[in-house]
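So the structure is just underneath, and the comments pick up after that.
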Amino acid sequence: MVTAYLVNHTHWDREWYFTTMDSLVLSEQLFTEVLDELETHADANFCLDGQTSVVDEYVEVHPEAKSRIQKLVATGRLFIGPWYTQTDALIPDAESIIRNLVIGINDTKKNYGQPMMVGYLPDTFGFNAQMPTLLRQVGIDNFVFWRGTNYNTQLKSLYFKWTGLSGKQVYAANFPFGYFTAQLTPESKLKMNQFVKERFDPAADFAANHGQNKDILMPSGIDQMNIIKNIGATVKELNAHSKYHTVISSYPEFIDILRKKKLPDYQGELRLPTYARVHRTIGSVRHEIKRQNFLLEQKVLKRVEPLTVIARQAGLTIGNGLLIKLWKKLLECQPHDTLGGSVSDNVATDILHRFKEANEIADGIENMIEKKLAEFLKLGPNQVLLFNTQPYEVYAYKSVQLLTASKQVRIEGMSDQVIESAKHFPERHHVLMMTPRGKEFTDEPEYYQITIKGKVKLPALGYKVFEIEESDQPLPEPQISEASHKATITNERQSLTFKDGHLNFQTNSREITDVLQLVDSANDGDTYDYSPLVGDHEQILPFEQAVNVQIGDSSEALVIEGSASLPKTLADRTSAQPHYGSLSYRLTVKFNEHGMIEGHLVVDNQVLSHRLRLKFNPQVATDKVMAEIQAGYVTTKNQPIPDDWAQHYDEKPVNIYNFDKTVNLADAKTHFTFWGAGQKEYQYKDRALFITLMATTSQLGKSNLAWRPGRASGDTTNQGHVMMPTPLAEELGNNQFDFAFALDDQPFNLRHTNELTQAWLAPSLSYQKQSLNLFVKRLDNKIWETEDDPSIPKELSVLNIDTSLDVTALYPAYSEEDAYVLRIQNMTDSPQPLPKRLTEKGTMVNALEEPVKPSSVIDPFDLVSIKIKF
């Protein structure tokens with residue numbers, strides 16, 4: 001006999017076409033009724049969607065409810081956590097996904113009781129292949145989800161063991177027809193026989209027959225749906241009509257049942273749109289949200305958190321409360337609709353405002369640490385403090401911003417110095433000063449704000465003070481050639497040449513014409529998906545002229561400009577008398593010291609509803625792509641798409657894929673790598689690699705797209721719902737994109753590529769204590785020196801480890817005030833030894849900082865965490 005386990009829940013998007021404040025208002029009535037029903041019906045339980053943030057927001061306006069929630073959690077009747085917010089699983093950094101769990105679990109334990117230790121993501125648009133590895137970092141051994149499966153081609157059972165690239169497994173439970181499979185509404189109760197016959201039993205049949213399952217999961221709930229009233233009586237009536245026996249259950253109870261079963265194994269991503277849409281092209285919608293997310297993640301992980309560890313060693317403590325608030329602002333931007341961009345313009349404005357607030361916290365923490373340590377060091381204006389937030393010594397190029405009376409200065413101990421930029425500030429008169437005598441006025445001399453770049457040696461995870469000296473000879477500054485149809489930059493063995501509209505790449509052994517192009521097409525899609533316009537085709541945009549920018553002997557850049565006149569709107573694309581809009585762009589490319597070609601693209605977009613992509617023609621003989629994902633790599637190969645795909649899929653299973661930071665092509669002799677700074681989507685066809693930059697649109701949802709037939713995504717086709725315009729999703733005006741790429745006549749090497757990635761992401765951090773401009777750093781003039789500031793050395797190193805270790809996070813421990821956490825990933829397919837001196841220095845823990853069995857190696861595509869005492 002088959003038993004159906006009914007789980008009552010509500011799905012709670014924090015925002016979508018409605019805002020987080022709208023969501024809070026909705027919780028006012030619903031969450032209160034949930035508590036009332038649970039307290040009066042002992043047979044009921046309820047899942048609050050697996051995220052603590054919505055509970056926190058409710059308790060903030062209902063503090064009296066906290067004790068009620070604690071009692072219900074303690075008795076196993078109300079399930080909260082483990083996530084802080086329900087994360088997207090394809091776009092965020094691996095560390096963001098881990099920290100989402102850590103903060104959600106810790107907060108739940110602190111405020112409400114034992115969290116629901118279930119990897120519950122009921123509505124996320126597909127899943128990366130490393131989710132099992134990431135979940136196991138916090139001790140979660142299971143996963144409950146909706147989208148992404150195919151029981152004809154991937155696996156046979158709804159319940160299986162999902163294996164990450166690391167070999168770590170979780171018990172996986174899928175409800176292929178959604179978290180609303182057994183949605184028992186008041187109307188369903190009135191028409192129970194019809195509900196069972198047409199909805200409940202067919203879904204139960206599918207679950208039972210796909211895997212010959214005797215125990216099946218039936219979730220009952222939908223967006224902002226209330227608790228099922230009188231659930232005992234309701235289930236009794238359900239059983240009277242159904243051929244299956246249904247019992248009231250919970251996700252943890254069902255996972256316990258799966259743990260006792262022999263289940264089939266599966267490894268790989270879950271992203272097929274067989275039973276539900278996964279929006280395979282959402283990775284380029286509202287690109288600015290993706291870009292801001294990437295930049296903020298890197299700022300927190302590469303700058304702010306390691307800097308707080310250095311500060312603590314130097315005697316300055318930044319509280320974890322402030323760091324966690326910063327993380328929460330970021331995590332509130334990472335649910336699937338939010339980070340995907342399938343939201344109203346009103347919500348998009350809120351998202352960008354949260355990024356603004358988070359950046360203010362991050363920049364403020366950095367400013368506080370820099371200024372206070374400069375005070376501790378008693379720095380003068382002719383000294384500069386340089387930080388290294390990597391836990392190994394570096395000898396690398398860094399950019400340093402200074403304010404000086406003259407441009408004829410240099411930094412002692414820095415080689416190959418050049419002035420990257422300079423701004424002159426003229427003399428000011430009658431400037432107010434506060435002195436011991438009171439208010440006085442003086443004249444302020446002229447000065448320069450300059451950025452010097454040069455190569456410098458810095459201690460591991462620490463800082464060093466450098467002297468600023470006057471120089472007899474001015475440092476080299478940018479020299480810009482006249483605009484031309486031909487210009488070239490070179491490094492030791494490669495060159496990039498712009499010639500007559502083409503950007504060409506050359507080495508001693510080969511030459512590639514049009515190594516990089518810009519291509520554009522109409523976008524007939526919406527904020528969920530790109531969709532081609534019938535009759536339109538992708539076109540190459542012209543490069544028109546270039547200038548060469550030379551800085552000294554070893555630094556040069558190529559600045560290429562172009563513009564295109566394109567049909568202004570979708571209607572203009574098919575009109576006999578179209579109106580046109582302009583698309584102008586400026587691409588700057590330069591070689592860095594690692595042989596990578598760094599690119600910065602500025603696009604002034606005055607065209608509606610189109611998709612802009614980079615096209616690379618690297619001449620690599622392969623039909624496979626190795627793409628970096630969260631904490632690992634996957635290999636993709638274009639799959640055949642049947643002509644009758646619409647009969648088998650909810651959307652076209654296009655060969656467009658997501659990546660995290662790199663995309664790699666390799667054959668036996670050469671390889672090509674692309675590094676993205678917020679770009680998340682690639683396509684490989686006809687030996688060309690396409691990276692989507694932006695896909696703009698004016699609609700939240702549209703029906704009958706070429707790649708997505710039928711209803712509009714979202715609620716826009718439900719009864720009483722209207723189409724919702726999204727003019728902000730057209731992303732008009734200036735848009736910026738940063739990226740890098742490299743072509744190498746050497747076989748591809750994972751470890752070397754990872755090292756290049758870390759070098760590319762490594763930041764420059766410097767601070768000069770000066771009084772000429774107190775708004776270079778926003779908080780400078782409000783951070784005061786104190787009489788009891790400690791004295792610290794002019795050079796400090798907190799931790800020095802082997803450069804082969806790939807550090808993903810380094811931050812003050814959450815569990816102990818006098819410790820910090822070091823997280824290391826192995827991004828290769830071979831075990832990586834852990835130096836004994838490192839494991840002896842600290843305690844091996846999981847991401848929750850709970851002790852785990854020590855190991856002398858990091859398994860392939862796995863992560864380890866070590867807690868180290870200061």
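Computed from a predicted structure; not experimentally measured.
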Using the ring-ring contact (aromatic ring centres under 6.0 Å, His included) criterion, which residues pair with Tyr159? Sequence neighbours excluded. Phe254

Can a donor-acceptor pair be found, under 3.5 Å and without considering hydrogens, that links the side chain of Glu731 to the backbone of Glu288? yes

Listed by chain and number, what are the side-chain hydrogen bond (donor to acceptor under 3.5 Å, both in side chains) partners of Asp660, not counting sequence neighbours? Lys680

I'd like to check the ring-ring contact (aromatic ring centres under 6.0 Å, His included) partners of His279; sequence neighbours left out, ordered by chain and number. Phe125, Tyr528

Looking at Gly164, is its backbone amide N or carbonyl O close enough to the side chain of Gln267 to form a donor-acceptor pair, meaning the two atoms are under 3.5 Å apart? yes

Any chance the side chains of His336 and Asp88 put a donor and an acceptor closer than 3.5 Å? no

Looking only at side chains, do Asn239 and Tyr244 share a donor and an acceptor under 3.5 Å apart? no

For Asp572 and Thr569, test the side chains for any donor-to-acceptor distance below 3.5 angstrom and give the result as yes or no. yes

Out of curiosity, Leu90 CG to Ile282 CD1, how far, rounded to the nearest 0.5 Å? 10.0 Å

Criterion side chain to side chain contact (heavy atoms under 4.5 Å, CB included) on Ile97 and Trp83, from CA distance to verdict: CA-CA 9 Å; Ile97 295 174; Trp83 303 97; 4.0 Å; yes

Regarding Asp862 and Arg136, does a basic nitrogen lie under 4.0 Å from an acidic carboxylate oxygen? no

Decide, yes or no, whether a salt bridge links Arg259 with Asp141 under the criterion of side-chain N to carboxylate O below 4.0 Å. yes

Using the six-membered ring wherever Trp is involved, compare the ring planes of Phe206 and His210 and label them parallel, tilted or perpendicular (cut-offs 30° and 60°). parallel

Suppose we screen for ring-ring contact (aromatic ring centres under 6.0 Å, His included). Which residues come up paired with Phe616, at least two apart in sequence or across chains? Phe672, Phe674, Phe741

Side chains of Gln183 and Ser220: is there a donor and an acceptor less than 3.5 Å apart? no

Quick one: does Lys290's side chain have a donor or acceptor within less than 3.5 Å of a partner on Ala677's backbone? no

Rounded to the nearest 0.5 Å, how far apart are CG of Asp201 and CD of Glu198? 11.0 Å

With sequence neighbours excluded, what pairs up with His9 under the side-chain hydrogen bond (donor to acceptor under 3.5 Å, both in side chains) test? none

From Cys47 atom SG to Phe79 atom CZ, the distance as rounded to the nearest 0.5 Å: 8.0 Å

The criterion is salt bridge (Lys or Arg N to Asp or Glu O under 4.0 Å); which residues satisfy it with Glu628, sequence neighbours excluded? none

Using the rule side chain to side chain donor-acceptor pair (under 3.5 Å), only one of Thr636, Asn655, Asn658 pairs with Tyr682; which is it? Thr636

I'd like to check His610 versus Asn605 (side-chain heavy atoms, cut-off strictly below 4.5 Å). Are they in contact? yes

Any side-chain to backbone donor/acceptor pair from Asp13 onto Trp16? Under 3.5 Å, distance only. no

Closer than 4.0 angstrom, basic N to acidic O: yes or no for Glu538 and Arg611? yes

Could you list the donor-acceptor pairs under 3.5 angstrom formed by side chains in residues 245-252, with sequence neighbours left out?
residue, atom, partner, partner atom, Å
Ser249, OG, Glu253, OE1, 2.6
Ser250, OG, Glu253, N, 3.3
Tyr251, OH, Tyr120, OH, 3.1

Backbone of Asp215 reached by a side-chain donor or acceptor of Asn213 within 3.5 Å: no

Any donor-acceptor N or O pair under 3.5 Å, side chains Arg14, Gln86: no

Do we see a donor-acceptor contact under 3.5 Å between the side chains of Gln334 and Glu297? yes

Do Thr274 and Tyr151 have a side chain donor and acceptor closer than 3.5 Å? no

Lys262 meets the salt bridge (Lys or Arg N to Asp or Glu O under 4.0 Å) criterion, sequence neighbours left out, with none

Could you tell me which residues satisfy salt bridge (Lys or Arg N to Asp or Glu O under 4.0 Å) with Glu730, sequence neighbours excluded, listed by chain and number? none

Taking atom types as modelled, find out whether Arg147 and Asn174 have a side-chain donor-acceptor pair closer than 3.5 angstrom. no

Gap between atom CG of Leu750 and atom CG of Asn664 - 0.5 Å precision: 7.5 Å

For the pair Arg573 and Asp520, find out whether any cationic side-chain nitrogen is under 4.0 Å from an anionic carboxylate oxygen. yes

Are Trp146 and Tyr179 an aromatic pair by the rule of ring centers under 6.0 Å? yes

Could you tell me whether a side-chain N or O of Ser284 sits under 3.5 Å from a main-chain N or O of Leu693, the two making a donor and an acceptor? no

Between the main-chain N or O of Met192 and the side-chain N or O of Gln194, is there a donor-acceptor pair closer than 3.5 Å? no

Straight-line distance of Lys685 NZ to Ile656 CD1, nearest 0.5 Å: 8.0 Å

List the steps, then state whether side chain to side chain contact (heavy atoms under 4.5 Å, CB included) holds for Asn100 with Gln51. CA-CA 10 Å; Asn100 198 323; Gln51 54 183 325; over 6 Å; no

What pairs with Asp667 under side-chain hydrogen bond (donor to acceptor under 3.5 Å, both in side chains), at least two apart in sequence or on another chain? Thr670

Other residues, nucleotides, ligands: >12 heavy atoms within 6.0 Å of Lys191 NZ: no

Between Thr697 and Asn523, do the side chains contain an N or O donor and an N or O acceptor separated by less than 3.5 Å? no

Only counting residues at least two apart or in another chain, list the ones meeting side-chain hydrogen bond (donor to acceptor under 3.5 Å, both in side chains) with Thr622. none

Please check if any side-chain donor atom of Ser521 sits under 3.5 Å from a side-chain acceptor atom of Tyr530, or the reverse. yes

Of the options Arg708, Arg711, Lys702, which is the one that meets Asp526 in a salt bridge (charged side-chain N to carboxylate O under 4.0 Å, His left out)? Arg708

Residue pair Phe739, Trp675: steps toward the ring-ring contact (aromatic ring centres under 6.0 Å, His included) verdict: CA-CA 6 Å; Phe739 58 91; Trp675 286 267; over 10 Å; no

Side-chain touch Thr696/Val285, heavy atoms, less than 4.5 angstrom: no

If we ignore hydrogens and angles and just use 3.5 Å, is the side chain of Asn704 paired with the main-chain N or O of Gly710 as donor and acceptor? yes

Ignoring hydrogens and angles, tell me if any N or O in the side chain of Ser531 forms a donor-acceptor pair with the backbone of Asp524 under 3.5 Å. no

Could you tell me whether the side chains of Glu237 and Thr234 share a donor-acceptor contact shorter than 3.5 Å? no

Residue pair Gln683 / Tyr657, side-chain donor-acceptor N/O under 3.5 Å: no

Is a donor on one side and an acceptor on the other found under 3.5 Å between the side chain of Thr726 and the backbone of Ala729? no

Taking salt bridge (charged side-chain N to carboxylate O under 4.0 Å, His left out) as the cut-off, I'd like each qualifying pair that reaches into residues 636-659, sequence neighbours left out, listed once. Asp623-Lys637

